Amino acid sequence: METAEIVKVAVSAAPYSIDKPYDYLVPPELLETAVPGVRVTVPFGKGNRTSEGIVLARTQGEKEPKLKPLLSVLDREPVLDGDGVALALWLRQRYFCTLFEAVKTILPAGLWYQIREVWHLAEDMDRYTADGMAAGIRRAIPVLDALFAAGGTAELSDLEAACGPGTGAVLRALQKAGVTVCETAAKRKTGDKQRRMVELAVSAEEAASLTEKRSSPQRREAVRLLAAEGRMSAAEVCYYTGVSMAVLRGLEKAGIVAFSEEEALRLPDFSQVEPSGPIVLNEEQEAAFQSILALTKSGRPEAVLLQGVTGSGKTQVYLRLVQEILDQGRRAMVLVPEIVLTPQMMRRFAACFGDQVALLHSALRMTERYDQWKRIRRGEVRVVLGTRSAIFAPLKNVGLIVLDEEQESSYQSENPPRYHTRDVAKYLCARDRATLVLGSATPAVETAWNAEQGIYHKALLRRRYNQQALPQVLVADLKEEIRAGNPGMVGRILRRELAENLERGEQSILLLNRRGSSRYLLCGECGHVPECPRCSVALTYHSANGRLMCHYCGHSEKASDACPVCGGIMKHVGTGTQKVEEELRELFPGTEVLRMDADTADGRHEQLLDRFEKERIPILLGTQMVAKGLDFPNVTLVGVLAADLSLYVDNYRSAERTFSLLTQVVGRAGRGGSAGRAVIQTYTPENDVIQCAARQDYRGFYENEIRLRRLRRFPPFADLFTFTVSGAEEGAVLRAAAAVREELRRLFRLPELAAGAPEVLGPAPAPVMKLNNRYRYRCLLVGKNDKPTREAVSWLLKWFAGDRANRGMNLFVDCNSME
DNA sequence: AGCACGCCGACT
DNA sequence: GTCGGCGTGCTC
């Protein structure tokens with residue numbers, strides 16, 4: 001048989017159950033360009049739908065008749081090298097995703113092209129001729145109606161919206177008959193850090209008259225807002241009025257409003273930062289530095305836990321290590337949980353390494369991020385500093401990877417594949433024989449265990465920077481407040497301390513744990529709580545726009561004063577930051593309170609924190625984010641409003657997270673000249689986690705926690721796989737989940753999997769049982785995340801997808817997930 | 001998943 | 001007779 005050039009392609013249209021490298025012929029015109037690592041378009045499936053793909057390898061082989069040729073090559077040079085392909089393969093087997101999903105995770109979003117099918121009528125095609133030629137093609141008439149109505153050219157997605165699914169097949173049939181032609185446009189996505197702005201395109205009066213009658217109330221509402229506010233972001237208009245983007249697009253079509261793009265806020269430019277002097281380490285830092293340095297010279301992949309209390313100067317150690325690695329002719333990665341909270345870290349790295357460092361953070365526009373990525377690939381960068389996804393920066397010859405605050409949950413991706421940065425870092429360190437440094441004041445229990453077992457090395461920083469004493473910590477019992485008839489969130493002790501700070505002109509930080517702290521409405525008569533129509537959660541009340549919103553699916557509706565069930569009066573309940581803010585205003589009239597939470601601080605943390613410091617605003621009130629990051633010399637009081645709120649979350653990590661959060665926030669107090677105080681309010685003052693946090697006693701916390709974990713078979717003693725089945729019909733989902741459990745039980749009786757006695761539990765409803773109108777039940781497998789187990793899980797996923805009984809349902813797997 | 005093929009019942 | 005339902009099987 002004839003031989004031909006063949007490429008192995010990871011195809012985006014292939015779901016997990018049939019995912020593998022698919023072979024394609026290289027047509028003569030693509031012989032030059034279709035090399036490993038370039039993205040391509042290929043025909044896939046019976047209908048030869050155009051699908052994106054990436055070339056994994058190129059070979060010569062037999063020209064089998066089933067092979068189809070590539071359609072096009074999208075890149076002039078490869079975007080993924082051999083290391084990248086190997087990493088994608090690793091991600092697939094580790095996180096049960098498709099090859100293409102893995103590749104997409106590795107490559108920067110700015111690179112992504114959106115493939116769109118644009119359909120045209122054939123030249124000189126009129127309706128009469130088209131109808132004649134389309135005779136015998138099913139459902140051709142409505143599709144032609146839509147295409148003619150659109151002026152002869154339309155995108156597939158628009159036609160599908162108008163004519164329903166299956167439109168693609170009709171169009172292809174019409175193409176065969178010569179009625180239509182298709183053009184596949186590869187279009188670069190616009191930068192996601194561009195904000196879409198909208199404003200009136202005509203005068204306010206004109207706009208009002210144009211929407212006066214025969215216009216929907218949504219349109220009128222949007223126009224009224226824009227007339228009052230002028231130019232604002234489209235997302236904001238949607239937020240305040242509750243209209244959808246479709247309404248705004250409609251107004252644009254009618255010529256009433258105009259869209260434009262504006263750059264989202266950016267971090268300060270560090271290119272002009274003054275070069276810093278030599279880094280001086282104290283004795284303890286020097287010892288830690290030397291021990292880690294020795295590891296980097298071992299030529300083996302090693303991991304080390306650098307445990308240092310808040311303010312012990314871990315960053316100094318990182319900086320020295322990176323310097324040394326660069327001197328060894330190797331490169332380094334430094335990862336941080338949330339870069340907006342660590343501008344000083346960025347400043348210091350910029351000062352130390354100048355343009356050899358690439359800063360990769362979420363505030364970069366997509367094009368900037370892509371530019372940085374290209375610089376790294378070209379080898380112009382020797383240090384990468386960034387958040388989670390920076391671990392995929394194409395840095396070569398890596399000698400050191402640092403994960404700062406390694407216990408942070410932001411190191412785990414929240415969308416699939418839900419990789420953990422620590423695991424990817426371990427893979428990279430093994431590949432490049434690099435050293436992994438896990439830095440933390442309060443390490444994850446698994447990490448501390450690994451250090452204890454000698455799997456990780458250990459380095460300690462015990463002393464706080466200028467020998468400062470730990471804050472004095474008061475634990476206040478909220479039960480007593482209730483007994484004393486104080487229903488508020490600020491108890492007497494905290495009130496007294498706040499008053500004292502106000503008097504002395506010193507600043508205070510108040511922390512409200514986000515979980516369980518949102519605000520919702522409740523009917524005083526019948527107890528009705530407005531719920532999301534699509535998800536099984538209560539709607540959260542937003543006072544900024546007077547609307548009820550779902551934090552899971554984005555549903556939004558106008559809040560009403562009367563109960564929709566019985567007509568009773570609705571009351572506000574819950575303890576969101578907004579409510580605490582009101583309480584503070586009542587307690588301390590005239591005192592300025594700066595509120596920082598996800599709603600107020602969207603992309604503006606730094607400005608808010610800057611104001612807090614410069615303007616010396618007396619009280620900063622916020623969620624988790626106030627616990628991390630900056631040190632303020634004038635802050636001498638820290639208050640935790642309800643320490644328990646994050647403690648009783650149904651998650652094996654809740655104790656660890658609460659301890660870490662409390663320890664960090666307590667450490668915020670008094671880092672300047674004055675000694676600090678911390679008040680921890682709680683309903684359970686005797687709780688061990690809270691007691692240990694108050695004493696800043698990691699050891700005590702760890703000893704307790706590891707005992708519990710061993711008892712309950714939680715990580716690190718076992719790995720928890722959650723199998724979530726979702727679908728529109730609750731009964732079917734429950735049945736499918738039960739089938740998953742049975743299949744798991746059967747699988748894990750196999751001798752090679754039975755080691756360590758895996759346990760299978762469930763099915764039980766997921767924490768949010770209904771999400772976007774889909775019910776979710778899950779099963780739990782307590783076992784070991786090893787190769788045979790992963791292979792069994794992979795088999796189970798394929799089995800599930802292949803069983804007809806599970807049609808319309810979805811199964812996904814997570815291991816030791818944060819949720 | 002998404003699509004085609006194929007085999008059955010209800011209609012012009 | 002044929003239009004359209006969904007059950008079955010495959011995707012280079």
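What you see is a predicted model; the values in this text were computed from it and never measured. Naming: A, B, ... by sequence-line order, numbering from 1 per chain. The figures here come from the full heavy-atom set of this structure, side chains too, leaving out hydrogens, waters and symmetry mates.
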### Message
Would the base of dG9(C) count as contacting R804(A) through its side chain, where contact means a donor and an acceptor less than 3.5 Å apart?
### Response
yes
### Query
Rounded to the nearest Å, what distance is computed from the CG atom of residue D23(A) to the P atom of nucleotide dC12(C)?
11 Å
### Query
Between dA1(B) and R49(A), is there an OP1 or OP2 to side-chain N/O distance shorter than 4.0 Å?
no
### Interatomic distance where CG belongs to N48(A) and C1' belongs to dT11(C) [whole Å]
10 Å
### Selected nucleotide, minimal atom distance to R807(A) side chain, candidates dC12(C), dA1(B), dG7(C)
dG7(C)
### Query
Does K68(A) have a side-chain nitrogen or oxygen under 4.0 Å from the phosphate oxygens OP1 or OP2 of dC12(C)?
yes
### Task
Consider the side chain of F44(A), meaning its heavy atoms from C-beta on, and name the nucleotide among dC12(C), dA1(B), dC10(C) that approaches it most closely.
dC12(C)
### Message
Given F392(A), which partner from the list L428(A), L87(A), T421(A), L360(A) fulfils the side-chain contact (heavy atoms from CB on, under 4.5 Å) test?
### Response
L87(A)
### Task
By nearest nucleotide on DNA chain C, pick out whichever of K46(A) and K66(A) is the more 5' one.
K46(A)
### Query
Which whole-number value in Å describes the distance from N810(A) CG to dA1(B) P?
7 Å
### Message
For a quick check, tell me whether the side chain of K8(A) and the base of dC12(C) share a donor-acceptor pair closer than 3.5 Å.
### Response
no
#### Entry: Any donor-acceptor pair under 3.5 Å from D19(A) side chain to A14(A) backbone
no
### Query
Rounding to a whole Å, what distance do you find between I18(A):CD1 and dC12(C):P?
8 Å
### Message
Could you tell me if the side chain of K770(A) sits less than 4.5 Å from the side chain of R776(A), heavy atoms only?
### Response
no
### Message
Parallel, tilted or perpendicular: which one describes the rings of H420(A) and Y411(A), with boundaries at 30° and 60°?
### Response
tilted
### Message
Measure OH/Y22(A) against P/dA1(B) and give the value in whole Å, please.
### Response
14 Å
### Task
Check whether any side-chain heavy atom of F100(A) lies under 4.5 Å from a side-chain heavy atom of E52(A), and answer yes or no.
yes
### Query
I54(A) has an atom CD1; how far is it from atom P of dC12(C), in whole Å?
19 Å
### Message
Just the rounded figure in Å: distance from C1' of dT11(C) to NZ of K798(A).
### Response
14 Å
### Query
In whole Å, what is the span from the CG atom of L25(A) to the P atom of dC12(C)?
12 Å
